[in-house]
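A short write-up of the structure that comes next.
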Amino acid sequence: MRRKLIAGNWKMNGSLAFNAELIAGIRSGLSNQETKADVLVCVPSPYLAQVQNAIKESDIVLGAQDVSQFASGAYTGEVSTSMLADFGCRFVIVGHSERRAYHGETNEVVASKASHAIKAGIVPIVCVGETLAEREDGQTHAVITHQIDAVLQLLSDDEAARIVIAYEPVWAIGTGKTATPDMAQEVHALLRQRVALKNAQAALQVRIVYGGSMKPDNAQLLMNEPDIDGGLIGGAALKADDFLAIIQAAV
Ligand code: PGA
């Protein structure tokens, strides 16, 4: 049985004061409810130390939002896997559609980041997803297959079992439009099938989460689907009550 993962993606939001209040809210909520899911917050890099400290002795796990595909050296502005590990990061998002769209990240760059992270002991949350134009053009399966296969070909079977895949239809991110559970399940099943082509056991183990306007009122229906193993949550992860309600919906 795969354990659900509820991951908050704070994006470029937060401040020292805001983060302190948000983490305190999540911590106090979690102390009053039984949690069946892994709970993760992916925070902006400058706040890793603050949040590492704020989540001590709680069930919250720390993650980052991006990482370099290089180990160290002359890469101004980049952050390495070993730097993330220094702050206790266990996960890192790679290939978010905002990075693909605004920072020119190709499938090859995303694959290299994912491979680099898993080899360094940090679990990459590999984001894939089609745009609205691609969906309307009947390209969804081709786009998703291309995106995930680029990553899988750089991983061993064991590494493929340990990554997290996030299906995030681009048209659903931050728009309030959510994929229906059926639409999401169809793509999640495709993703699991791509992993199965590599290794059947890895396909059973790999966690595939959904992202794109996941909220308290749609989380449970989405996560009831057999291949949806949790959520990558943007907007609703910035409100403690909403984030807690989504965690509660993961059974
Ligand atoms: P959203 O963002 O929940 O605000 O749609 C999800 C994401 O981009 O990871």
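Keep in mind the model is a prediction, meaning the values are calculated, not measured. First listed ligand is number 1; within each ligand, the first listed atom is number 1. We count residues from 1, following the sequence as given.
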Backbone of D227 reached by a side-chain donor or acceptor of Q185 within 3.5 Å: yes
D149 side-chain N/O to H146 backbone N/O, donor-acceptor pair under 3.5 Å: no
Ligand 1: protein residues within heavy-atom distance under 4.0 Å: N9, K11, H96, E168, A172, I173, G174, G212, S213, L232, I233, G234, G235
Backbone N/O of E105 and side chain of R100: donor-acceptor pair under 3.5 Å: no
Under 3.5 Å donor-acceptor, E159 side chain and S156 backbone: yes
Side-chain touch E130/V170, heavy atoms, less than 4.5 angstrom: no
R90 CZ: over 12 foreign heavy atoms closer than 6.0 Å: no
